[in-house]
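Quick notes on the structure that follows.
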Amino acid sequence: MNFTQTLEALKETNLYRSPRVLENLKGVRANFEGRPVILFCGNDYLGLSEHPKVVKAAKIALEVCGVGSGSARLISGTGTFHDALEQKIASFLQKESALLFSSGYLANLGVLTALTDKDDLIALDKLSHASLIDAAQAAKAELRIFPHRNMNYLRRLLSRSKAKRKWIVTDSVFSMDGDLAPIQELVQLKHEFKAVLMLDEAHGFGIFGKGGRGAAEAADALDQVDIVIGTCSKALGSVGGFVSGTRETIEMLVNFARTFIFDTALPQAICAASLEALQIIEANPKMREHLFSNTKHLREGLHSIKAPVIKGESPIVPLLIGDEKNALQMSTALLKKGFLVPAIRYPAVARGSARLRLTVSVSHTSDQIDSLSIAIRELFSGRQANNRHLSS
């Protein structure tokens, strides 16, 4: 096999990617090529990956249970921490039951391939995460994409469908734009067309809502969402995915979701860490207040310098650049100033809509946020001065 031409084409179109090795990575701090950098790109929104209680819980479980789980969940891979975390997630989300997967990606793939059939319709928001897109494409059901947050289009789509069962599937917080799904309107359409509403709360779980239960809780609609997908790898600072819903739904997944049945179970130490993180979130609502205070601080700073920020209310703050090459250049320039903000390009976003996807954490200090805004202002001022020079 020879992939040279394909890889060269990626480089020529500014779409080539390679991992960036970080040293001493901890929270929003790391070293890159011997220099300290501040990360404004991770999803550890509440800083729980380095919380002493979370780390301690993982250490204790690690000493008791060892490193790996050794098997799939239905063989010998289910331990007490798996069971405790699933019960806690179900209770927290006010659902009958929950089921852990090794990742949110596998959770989405498991649900849509196990629970839909050829007579079903999946109506999917265009900007949903790649895991939902891949899951919907892998399912046997008919797949129809509706324009982002376009409820009129979705209503027409549902009204014209003759499917036996209709599924409305979407992110709650969109990972690249940072905006929220119109959950109340989705609930109305669910009832109007007797549909199943499935919500991926990957970027909402632990953050939004009075109790941190997600965007559905913030919209006062948690009890109206049939299936809630979530992840432990963002607000919980751990790893793994989960599905919550009725007991019958979870029993179906246990028996038919291939990404659960044939996958090695999460290590119990990881489950112990997630369980502790969830308890911390429950007991400390001020953590979320701090997060949104930091988010407001960054958005106001960027607004004051007239940076091209996509509007939103989540800790995801996209700086729209457009051209892939320009986005790469700005990312490189910020890295030289001590800030890691990778350029997001096609296929993660549409062609011509490359961006710097800034993300905020409670671990960021006010000084770090201010310094980032100043660095971005200097970059934009430099680009504008260069453009004036070229046009004169």
Side-chain angles (χ1 to χ4, degrees), residues 43 45 82 85-116 122-125 128-129 131-132 135-136 139 165-175 180-191 195-236 238-254 257 259-260 271 274-275 277-278 281-282 288 314:
N43 298 318
Y45 297 118
H82 295 98
L85 180 55
E86 286 172 341
Q87 289 191 42
K88 183 64 178 179
I89 289 170
S91 173
F92 183 69
L93 289 175
Q94 300 167 1
K95 300 296 183 184
E96 291 180 359
S97 192
L99 186 67
L100 288 171
F101 287 75
S102 293
S103 69
Y105 205 110
L106 294 180
N108 280 329
L109 191 59
V111 170
L112 290 182
T113 54
L115 301 185
T116 65
I122 298 173
L124 180 67
D125 189 292
S128 294
H129 189 265
S131 59
L132 282 175
R165 184 170 48 185
K166 302 170 185 179
W167 292 68
I168 302 172
V169 180
T170 180
D171 290 357
S172 67
V173 181
F174 293 90
S175 60
L180 274 63
I183 296 175
Q184 281 287 357
E185 295 177 63
L186 291 170
V187 167
Q188 292 174 8
L189 291 175
K190 165 203 160 173
H191 289 301
V196 177
L197 178 56
M198 174 175 160
L199 202 62
D200 186 341
E201 286 270 24
H203 292 275
F205 181 73
I207 297 173
F208 283 93
K210 184 177 179 180
R213 295 176 178 85
E217 183 190 37
D220 195 26
L222 182 57
D223 61 333
Q224 300 298 311
V225 180
D226 300 293
I227 298 175
V228 176
I229 309 293
T231 178
C232 304
S233 64
K234 295 178 173 59
L236 295 189
S238 181
V239 70
F242 62 82
V243 181
S244 61
T246 65
R247 193 170 307 281
E248 187 177 66
T249 296
I250 300 307
E251 288 176 359
M252 284 290 291
L253 293 176
V254 168
T259 56
F260 171 81
C271 296
S274 298
L275 181 60
L278 190 49
I281 287 175
E282 266 192 314
R288 297 190 296 279
S314 77

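Cation-pi geometry between Arg213 and Phe208 is not met: the NZ or CZ atom fails to fall both under 6.0 Å from the ring centre and inside 45° of the normal.
One N or O on the side chain of Glu217 and one on the backbone of Lys210 form a donor-acceptor pair closer than 3.5 Å. Using modelled atom types, no side-chain atom of Ser128 and backbone atom of Leu124 make a donor-acceptor pair closer than 3.5 Å. Using modelled atom types, no side-chain atom of Arg247 and backbone atom of Lys95 make a donor-acceptor pair closer than 3.5 Å. In terms of modelled atom types and a separation under 3.5 Å, the side chain of Arg165 and the main chain of Ala195 share no donor-acceptor contact. Judged purely by atom type and a 3.5 angstrom limit, Thr231 uses its side chain to pair as donor or acceptor with the backbone of Gly240.
By the 4.5 Å heavy-atom criterion applied to side chains, Leu112 and Trp167 are counted as neighbours. Side-chain contact between Thr246 and Ile250: absent, with no pair of heavy atoms (C-beta onward) separated by less than 4.5 Å. Counting only heavy atoms from C-beta outward, the side chains of Asp223 and Gln94 never approach each other to under 4.5 Å. Considering only heavy atoms from C-beta on, Ile168 stays 4.5 Å or farther from Met198 through its side chain. Counting heavy atoms from C-beta on, the side chains of Thr259 and Tyr105 never come closer than 4.5 Å. Lys166 has its side chain out of reach of Val196: every pair of non-hydrogen atoms, C-beta onward, lies at least 4.5 Å apart. Within the 4.5 Å cutoff, the side chain of Asn43 has heavy atoms near those of the His203 side chain. Annotation: side chain of Leu93 is in contact with side chain of Phe242 (closest heavy-atom distance under 4.5 Å).
Atom CG of Asp220 is surrounded by 12 or fewer heavy atoms from other residues, nucleotides or ligands within 6.0 Å.
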Problem set entry | Test side-chain contact (heavy atoms from CB on, under 4.5 Å) applied to Thr249 and Ser244, step by step | CA-CA 8 Å; Thr249 296; Ser244 61; over 6 Å; no
Exercise. Is there a side chain to side chain donor-acceptor pair (under 3.5 Å) between Ser172 and Glu201 once you walk through the steps?
Worked result: CA-CA 5 Å; Ser172 67; Glu201 286 270 24; 2.6 Å; yes
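A salt bridge is defined here as a Lys NZ or Arg NE, NH1 or NH2 lying under 4.0 Å from an Asp or Glu carboxylate O, and Glu282 with Lys88 meets this definition. At a threshold of 4.0 Å, the pair Asp226-Lys190 counts as salt-bridged, since one of the basic side-chain nitrogens sits closer than that to a carboxylate oxygen.
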